[in-house]
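In what follows, chains are A, B, ... by sequence order, proteins preceding strands, each numbered from 1. Computation of the quantities below employed the complete heavy-atom set of this structure, encompassing side-chain atoms and omitting hydrogens, waters and symmetry-equivalent molecules.
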Amino acid sequence: MSFAERVYNVVSNIKEGKVMTYRQVAEKVGSPKSARAVGNVLSKNRDFKNIPCHRVVRSDGNIGGYVRGQDKKIRLLKREGIMIRGRKVVDNR
DNA sequence: GCTCTGACGATTT
DNA sequence: GAAATCGCCAGAG
């Protein structure tokens, strides 16, 4: 299992209505400080069906990046029942 | 092995 | 609250 594969696995495990920060994902895959690398992997991936990358946000609650833009990401999250305050996620960690 | 790049993070100004 | 700074890790060239 490469780093990327572990990331995919974790992200695909995020349930609907839930979000995870890049940091948390990084911790889950074994490297607490590799949030950057995590985002890097997600950016390369575009499999929206198997990997809900829109459920991954920044640690400060800010929406990270998204191929379709932050607005699109926010809309998707809202649709799944996640509260958004302006540009930030108000998920219950 | 080194250098760049990037959907990041935390701190400071 | 925004921008600058430094640190951090993995992949690509």
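Here the P atom of nucleotide dA7(B) and the CG atom of Leu77(A) are 18 Å apart, to the nearest Å. The distance between atom CZ of Arg87(A) and atom P of dA7(B), rounded to the nearest whole Å, is 17 Å. The nearest whole Å value for the distance from the CD atom in Gln24(A) to the P atom in dC8(B) is 16 Å.
Applying the salt bridge (charged side-chain N to carboxylate O under 4.0 Å, His left out) test to every pair with at least one member in residues 64-79 of chain A, sequence neighbours left out, gives no pairs at all.
The minimum heavy-atom distance linking Val89(A) with Val19(A) is given by the pair CG1-CG2, 4.0 Å. Taking each heavy atom of Leu76(A) and His54(A) in turn, the nearest pair found is CB-CD2, 3.9 Å. The minimum heavy-atom distance linking Cys53(A) with Tyr66(A) is given by the pair SG-CE1, 4.4 Å.
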Give me the distances for all protein-to-nucleotides 10-13 of chain C N/O pairs that come in under 3.5 Å?
unit_1, atom_1, unit_2, atom_2, d
dG11(C), O3', Lys44(A), NZ, 3.1

Between the protein and nucleotides 9-13 of chain B, which nitrogen or oxygen pairs are less than 3.5 angstrom apart?
unit_1, atom_1, unit_2, atom_2, d
dG9(B), OP1, Ser59(A), N, 2.9
dG9(B), OP1, Ser59(A), OG, 3.2
dG9(B), OP2, Arg58(A), NE, 3.4
dG9(B), OP2, Ser59(A), N, 3.2
dA10(B), OP1, Arg23(A), NH1, 3.3
dA10(B), OP2, Ser59(A), OG, 2.8

message: Working note: Lys18(A) + Glu80(A), criterion salt bridge (charged side-chain N to carboxylate O under 4.0 Å, His left out); need CA distance, chi angles, decisive distance, verdict.
response: CA-CA 8 Å; Lys18(A) 266 277 206 175; Glu80(A) 294 183 359; over 6 Å; no
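At the heavy-atom level, Asn45(A) lies under 4.0 Å from base atoms of the strands shown.
For the atom pair Gln70(A) CD and Arg87(A) CZ, the distance stands at 6.5 Å (nearest 0.5 Å). We find the CZ-OG distance between Phe3(A) and Ser34(A) to be 3.5 Å, quoted to the nearest 0.5 Å. Between the CG atom in Asn50(A) and the OH atom in Tyr8(A) there is a gap of 11.0 Å [rounded to 0.5 Å].
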